[in-house]
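Quick note: numbers below take in every heavy atom, side chains included, and nothing from hydrogens, waters or symmetry partners. Computed from a prediction, not measured in an experiment: that's the story for all the values here. Along the sequence shown, residues are numbered consecutively beginning with 1.
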Amino acid sequence: MSIVLINCSKNKEQINYVVFSGIVVNPIVDSLQLLNKNHKPIKTIYLSADNSFKDTLFIPNGYYFLGDWNTTKQLYLRHSFNLVAKIVYHEKEATLSFKGIGANENNYLYQKKEFDTNFINYRDYLSLNEEDFLKVSDSIYTTKTNFFKTYKNLDKDFNFCESFVLENDRVKLLNRYRQGRGSFIGNNDFQVSDNFSYNFNNSFLSNEKLLMHPNYLNYVGSFVGFKLYKNKYEWNNTLASFEIIDTEINNQKIKDELAYTTMKFAINRTKNLDEVYSKYMSIEKNEEYRNEIEETYLNLKKLSKGAISPTFELYDINDKLVRLKDLKGKLVYIDIWATWCIPCVQEMPALKELEKEFRNKEIYLVSICYGDTKERFRKMVKEKELGGLQLFSPDNDIPFFKEYILRGIPRFILIDKEGKIIDANAYKPSDPKLKELILEELN
């Protein structure tokens, strides 16, 4: 008798792609751009003659952005999703709705964005005393959590990430209050009480699954900022930040990502470039990141003291053209700022004091408004009675910003009477060392 063994188990084919289709109503473009979590384009999805589209996407699970060159919306895409989108343009803005597998996750992301606009008036929160603010922040957290719970049967990883986002939003709000309340009430010595809790959950520091979310590193960065604050370091102490990253974060991949984003922001702002660069390279293991930072480091070395400064041509608040080359013959101290930048606004009183002290001296105090609107720029200059040369940059990509490798504000630059760099990353107005340096150069 022979025995025949039959394998009844079926190997279920593993799906490693996303089917994404839909229709665009009133399109203003003939294609859509799919971007990764860092907003880098990875695929162009072209519309058919009837403005529909369909594509099979072989991409990793995670968060993406979809849109045209004017506006983008967040997506969550996972293998086996068969997602159908309806995109309706109203002038340049678009509304989205989804059906199919993956609709719950993406409808939540889109509707959450609209829902969250009810909670972004930070100046109103800064006007509250601490007790009332904490009550409001608790209420906002509860409201957002209840809204999230109305969406059922969500993907497990998505549910995990969005639960983290709810915590992250709460921590960001608490940190904004801690950082901004003093400036709002005109008390730079303001400190929150010992009862002011940041609710950091350290388990988030080691779970690299969260790296798929675009806001995760902001959250971990807030944790580092909190540690700096607790240890009485200034928020922009890069060496101390790297020390915290190195000792507090054990997951190497998370450490690599955070060290890289920290260095990208700090490399062109630090006063001790060589030391910061050396510390970063001792932490970072990602070869691609190491190579990029090394290239930036070598370019920054070209902006050393004595090099000819990059130049600009910008209009002032009275629409008069101001060129850096026309300012030769005096020192030039440049402040790059924005109305939405709290550290920038906090430096304004000190900058006004400098202007008064050096009004009849051989120095121009030049402020360049960056990444803002002309209306907000004009309003703040008028309200704060700002002096000096007040310039507005309508473009964030002007050569002056690019050549100075501008990646964050405020940024301060000091140039000598011949148009040569004294310090490409000068002291801030409130630092007594700036006044000492200016006096030294004037004499």
Side-chain angles (χ1 to χ4, degrees), residues 36-40 164-165 168 171-172 174-176 178-179 198 200-202 204-208 210-301 303 336 338 341-344 370-371 396 401 404-412 424-425 427-428:
N36 67 12
K37 68 170 186 174
N38 298 318
H39 290 270
K40 292 183 178 179
F164 141 76
V165 169
N168 177 40
V171 170
K172 284 199 300 183
L174 292 170
N175 267 315
R176 279 180 179 267
R178 175 181 64 79
Q179 293 171 339
Y198 292 86
F200 278 104
N201 185 334
N202 288 5
F204 284 135
L205 297 177
S206 58
N207 196 320
E208 67 182 60
L210 287 166
L211 282 168
M212 75 166 64
H213 197 282
N215 292 336
Y216 174 63
L217 291 179
N218 290 337
Y219 177 77
V220 184
S222 293
F223 169 79
V224 173
F226 171 68
K227 285 288 186 177
L228 289 171
Y229 169 73
K230 293 293 284 185
N231 292 306
K232 303 188 185 307
Y233 289 109
E234 289 193 9
W235 65 273
N236 59 350
N237 189 320
T238 307
L239 278 175
S241 295
F242 280 141
E243 194 61 42
I244 292 168
I245 292 169
D246 201 17
T247 57
E248 297 278 351
I249 300 174
N250 296 321
N251 183 291
Q252 186 61 47
K253 191 169 183 181
I254 295 174
K255 185 179 293 189
D256 286 345
E257 294 289 333
L258 185 60
Y260 169 67
T261 56
T262 301
M263 191 60 168
K264 278 183 67 177
F265 174 79
I267 190 171
N268 64 342
R269 304 162 65 91
T270 180
K271 300 297 296 179
N272 44 353
L273 176 62
D274 292 335
E275 192 177 358
V276 166
Y277 174 72
S278 177
K279 180 63 178 178
Y280 168 77
M281 294 300 270
S282 74
I283 295 173
E284 185 65 65
K285 305 303 180 188
N286 183 302
E287 200 63 30
E288 180 182 348
Y289 293 163
R290 288 172 62 91
N291 291 339
E292 180 185 330
I293 294 300
E294 180 182 27
E295 181 179 355
T296 302
Y297 168 75
L298 294 174
N299 286 333
L300 281 171
K301 296 291 279 185
L303 295 173
I336 304 174
C341 168
I342 291 176
C344 299
Y370 163 91
N396 294 347
F401 294 153
Y404 270 107
I405 317 177
L406 182 67
R407 289 178 177 162
I409 56 174
R411 174 76 179 274
F412 307 100
N425 188 41
Y427 298 110
K428 61 186 179 180

Query raised in the report: Passes side-chain contact (heavy atoms from CB on, under 4.5 Å), Tyr260 versus Asn286? Steps please.
Result: CA-CA 9 Å; Tyr260 169 67; Asn286 183 302; over 6 Å; no

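- Of the inter-residue distances, the one linking Thr238 atom OG1 with Tyr277 atom OH reads 15.5 Å to the nearest 0.5 angstrom.
- For OH of Tyr289, the number of neighbouring non-hydrogen atoms (other residues, nucleotides, ligands) closer than 6.0 Å is greater than 12.
- With rounding to the nearest 0.5 Å, the separation of CD in Glu208 from CG in Asn251 is 4.5 Å.
- Looking only at distances, a side-chain donor or acceptor of Arg411 sits under 3.5 Å from a matching main-chain atom of Ala424.
- Distance check: Met263 CE to Glu292 CD gives 11.0 Å after rounding to the nearest 0.5 Å.
- The minimum heavy-atom distance between Leu239 and Asn272, with the atom names listed, is CD1-ND2, 3.3 Å.
- Residues Ile336 and Phe401 meet the side-chain proximity criterion, which asks for heavy atoms closer than 4.5 Å.
- Inter-residue side-chain proximity for Val220 and Leu205 is flagged as met; some heavy-atom pair is nearer than 4.5 Å.
- In this view, Lys301 and Leu273, Asp274, Tyr297 satisfy the side-chain contact (heavy atoms from CB on, under 4.5 Å) rule, not counting sequence neighbours.
- Residues meeting the side-chain contact (heavy atoms from CB on, under 4.5 Å) test with Arg407, sequence neighbours left out: Lys264, Ile267, Asn268, Thr296, Ile405.
- Listed here is the closest heavy atom pair of Leu228 and Ala240: CD2-CB, 3.6 Å.
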What donor-acceptor contacts under 3.5 angstrom involve side-chain atoms of residues 210-218, with partners at least two apart or in another chain?
from, atom 1, to, atom 2, distance (Å)
His213, ND1, Asn215, N, 3.0
His213, NE2, Glu162, OE2, 3.4
Tyr216, OH, Phe204, O, 2.4

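- In terms of the side-chain contact (heavy atoms from CB on, under 4.5 Å) criterion, residue partners of Asn38 (sequence neighbours excluded) are, by chain and number, Asn36.
- Residues Ile245 and Lys255 come closest through the heavy atom pair O-CE, 3.6 Å.
- Not counting sequence neighbours, the partners of Lys279 by the salt bridge (charged side-chain N to carboxylate O under 4.0 Å, His left out) test are Glu243, Asp246.
- No side-chain heavy atom of Phe412 sits less than 4.5 Å from a side-chain heavy atom of Tyr427.
- Atoms CD and CG, on Glu294 and Asn299 in that order, are 11.0 Å from each other to the nearest 0.5 Å.
- A heavy-atom distance below 4.5 Å is found between the side chains of Phe223 and Glu248.
- Side-chain contact annotation: Glu295 with Asn291, donor-acceptor N/O pair under 3.5 Å absent.
- If you take NZ on Lys285 and CD on Gln252, they are separated by 6.0 Å, rounding to the nearest 0.5 Å.
- Contact of the Tyr233 side chain with the Lys227 side chain is not registered, since no non-hydrogen atoms from C-beta on lie closer than 4.5 Å.
- Here Glu234 pairs with Lys428 under the salt bridge (charged side-chain N to carboxylate O under 4.0 Å, His left out) rule; sequence neighbours left out.
- A distance of 9.0 Å separates OG1 in Thr247 from CD1 in Ile283, rounded to the nearest 0.5 Å.
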